[in-house]
Amino acid sequence: MYELIIIGAGPCGIAAAIEAERRGVSYLMLEHGSLAMSLTKYPIYMTFASSPENLELGGHPFPTGGEKPTRLEAIRYFRRVAEVEQVKVHQYEKVTGVEKGAHFTVKTQKRDGTTGAYETANIALAIGYFDHPNMLGIPGEENPERCTHFYTEPSPYYGMNVAVIGGKNSAVEAALQLYRAGVKVSLVYRRAELPASVKPWVRPDIENRIKTGAIAAYFSTNIRSINPTTITLEQDGRTFELENDFVFALTGYSPDQSVLRGLGVEIDAATGKPRHDEATMETNVPGLFLVGVIAAGYDANKIFIENGRFHGKAVVDTILARR
Ligand SMILES: Cc1cc2nc3c(=O)[nH]c(=O)nc-3n(C[C@H](O)[C@H](O)[C@H](O)COP(=O)(O)OP(=O)(O)OC[C@H]3O[C@@H](n4cnc5c(N)ncnc54)[C@H](O)[C@@H]3O)c2cc1C
């Protein structure tokens with residue numbers, strides 16, 4: 001019987017584990033991939049917008065080569081901090097369900113095909129949102145030879161016709177990187193213009209590439225299907241085909257709220273925000289806490305590593321106060 005099970009070993013889950021470890025709360029962290037798994041799916045050559053101090057966990061200094069950390073530096077840092085703090089984590093053990101009786105039973109699936117079950121008084125759900133891309137719901141989307149929802153690097157697409165679907169930062173940054181790697185890029189966005197959230201230092205770059213025609217932009221345009229050698233687009237009620245080799249559907253990600261709903265957490269229909277006390281991070285289900293971006297609902301820009309790394313402290317404070 002644990003005092004706390006942390007589900008998910010992203011940066012915010014690791015920060016929660018450090019709190020539990022240092023303050024003598026009996027805990028275990030379960031991760032369905034490897035430590036800081038979500039970052040391994042980010043663009044390979046990305047640099048964080050945050051300064052390294054704002055990503056630090058447990059007060060461990062985060063020295064970086066440049067002003068801002070690269071993805072690789074961050075992965076190494078989070079891994080090293082977890083190692084030094086000796087956080088207790090089972091990697092490659094996916095949580096498949098949680099039941100609530102007098103306490104919680106957390107059910108898992110391991111890599112070797114066996115299953116696990118853990119009893120715990122409290123749960124910190126730190127599963128992020130990056131595993132669940134927003135699907136377009138169109139024919140051809142499921143074909144991995146033609147379409148992906150994760151952009152990592154441009155080189156495999158040199159000289160090819162690539163459509164990037166979406167207009168927010170991840171889509172715009174991917175479009176620019178692909179263009180600079182010699183890819184013929186079309187940016188397809190359903191709205192009339194790029195959103196205000198595009199990073200101010202990226203906006204002039206993309207706008208100029210569109211103005212000069214280096215990147216072909218299709219605004220107010222929806223993609224209707226991904227065909228063997230083309231995509232079908234619809235603009236102002238008119239459909240047309242565009243030659244295409246690969247599609248990056250970078251239309252955002254949504255949290256998997258099935259565990260929350262299954263346990264009776266109230267979720268705001270408009271914002272997707274699970275009901276919780278922001279001081280303790282406890283949901284309306286006693287003993288079930290939120291850690292990291294899962295607390296944000298549908299707007300993943302409200303919680304990130306910078307602020308989500310402090311949620312674990314609130315959880316551990318609450319558990320200790322109730323002992
Ligand atoms: C391109 C990009 C750039 C970004 N730049 C910044 C930045 O500059 N600064 C900043 O603060 N934030 C930034 N962010 C956001 C930040 O990375 C996320 O907010 C952060 O990773 C959230 O951490 P988390 O621990 O809540 O979730 P995650 O990092 O998503 O971790 C969740 C973990 O839970 C695991 N998991 C999921 N389901 C299960 C299950 N059923 N069982 C077991 N494990 C499970 C996943 O494998 C994953 O490892 C950026 C994001 C992106 C995509």
Side-chain angles (χ1 to χ4, degrees), residues 1-31 35-36 53-62 77-91 93 95 97-108 116-128 255 259-260 262-266 273-297 302-323:
M1 175 82 177
Y2 289 95
E3 274 184 293
L4 177 64
I5 293 268
I6 301 163
I7 306 176
C12 304
I14 296 171
I18 293 171
E19 281 293 325
E21 178 70 37
R22 286 182 180 176
R23 296 168 71 192
V25 168
S26 72
Y27 76 97
L28 176 64
M29 183 159 59
L30 298 167
E31 165 57 53
L35 220 62
E53 310 82 75
N54 293 331
L55 302 184
E56 286 176 358
L57 305 186
H60 293 278
F62 183 5
Y77 170 78
F78 294 135
R79 201 166 57 207
R80 182 72 183 132
V81 167
E83 191 178 25
V84 168
E85 293 279 350
Q86 298 187 314
V87 303
K88 297 177 187 77
V89 58
H90 289 186
Q91 295 190 111
E93 185 162 355
V95 172
V98 179
E99 286 165 13
K100 180 149 172 62
H103 48 262
F104 297 98
T105 306
V106 178
K107 301 210 163 149
T108 65
Y118 303 89
E119 309 294 317
T120 180
N122 300 285
I123 288 178
L125 195 68
I127 58 173
V259 166
L260 293 169
L263 290 171
V265 174
E266 292 162 28
K273 215 171 153 182
R275 189 168 150 206
H276 65 282
D277 176 346
E278 289 187 1
T280 62
M281 299 309 289
E282 191 171 32
T283 64
N284 59 290
V285 176
L288 177 59
F289 296 83
L290 305 174
V291 160
V293 69
I294 187 75
K302 290 266 176 354
I303 297 175
F304 22 86
I305 304 168
E306 288 202 19
N307 49 5
R309 65 191 167 137
F310 300 115
H311 292 165
K313 179 177 182 313
V315 174
V316 169
D317 284 347
T318 310
I319 292 172
L320 289 178
R322 285 183 189 159
R323 256 192 192 160

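Positions are given from 1 along the sequence.
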Once the angle between the rings of Phe62 and Phe78 is folded into 0 to 90°, is it parallel (under 30°), tilted (30 to 60°) or perpendicular (over 60°)? tilted
Could you please spell out the steps behind the side-chain contact (heavy atoms from CB on, under 4.5 Å) verdict for Ile6 and Val291? CA-CA 9 Å; Ile6 301 163; Val291 160; 5.9 Å; no
Check step by step if side-chain contact (heavy atoms from CB on, under 4.5 Å) holds for Ile14 and Met29. CA-CA 8 Å; Ile14 296 171; Met29 183 159 59; 4.2 Å; yes
Checking [X] side chain against [Y] main chain: does a donor-acceptor pair fall under 3.5 Å?
X      : Y      : answer
Glu282 : Gly287 : yes
Arg322 : Ile319 : no
Tyr77  : Glu56  : no
Arg22  : Glu85  : no
Asn307 : Lys302 : yes

Is the closest side-chain heavy-atom distance between [X] and [Y] below 4.5 Å?
X      : Y      : result
Glu3   : Arg323 : yes
Phe289 : His311 : no
Val265 : Leu288 : yes

Closest heavy-atom contact between [X] and [Y]?
X      : Y      : value
Pro274 : Gly297 : CD-N, 4.1 Å
Val89  : Ala9   : CG2-CB, 4.2 Å
Asp277 : Ala279 : OD1-N, 2.8 Å
Thr105 : Ala117 : CG2-CB, 4.3 Å
Arg80  : Glu83  : NH1-OE1, 3.0 Å
Cys12  : Gly308 : SG-C, 3.5 Å

List in chain and number order the residues that pass side chain to side chain contact (heavy atoms under 4.5 Å, CB included) with His103, two or more places apart in sequence or in another chain; answer none if no residue qualifies. Met1, Glu119
Given Leu263 and Val98, is the side-chain contact (heavy atoms from CB on, under 4.5 Å) satisfied, shown in steps? CA-CA 8 Å; Leu263 290 171; Val98 179; 3.8 Å; yes
What pairs of residues pass the side-chain hydrogen bond (donor to acceptor under 3.5 Å, both in side chains) test when at least one of them lies in residues 6-21, not counting sequence neighbours? Glu19-Arg23, Glu21-Tyr27, Glu21-Lys88
How long is the span from the [atom1] atom in [X] to the [atom2] atom in [Y], to the nearest 0.5 Å?
X      : Y      : atom1 : atom2 : result
Arg79  : Leu35  : CZ    : CG    : 8.5 Å
Phe310 : Leu57  : CZ    : CG    : 9.0 Å
Thr283 : His276 : OG1   : NE2   : 9.5 Å
Asn122 : Thr318 : CG    : OG1   : 9.0 Å
Ile303 : Ile294 : CD1   : CD1   : 9.5 Å
Ile5   : Leu125 : CD1   : CG    : 12.0 Å

Does [atom1] in [X] sit with more than 12 non-hydrogen atoms of other residues, nucleotides or ligands closer than 6.0 Å?
X      : atom1 : answer
Glu278 : CD    : no
Lys273 : NZ    : no
Gln86  : CD    : no

Stepwise side-chain contact (heavy atoms from CB on, under 4.5 Å) check, Tyr118 with Leu30: CA-CA 10 Å; Tyr118 303 89; Leu30 298 167; 4.1 Å; yes
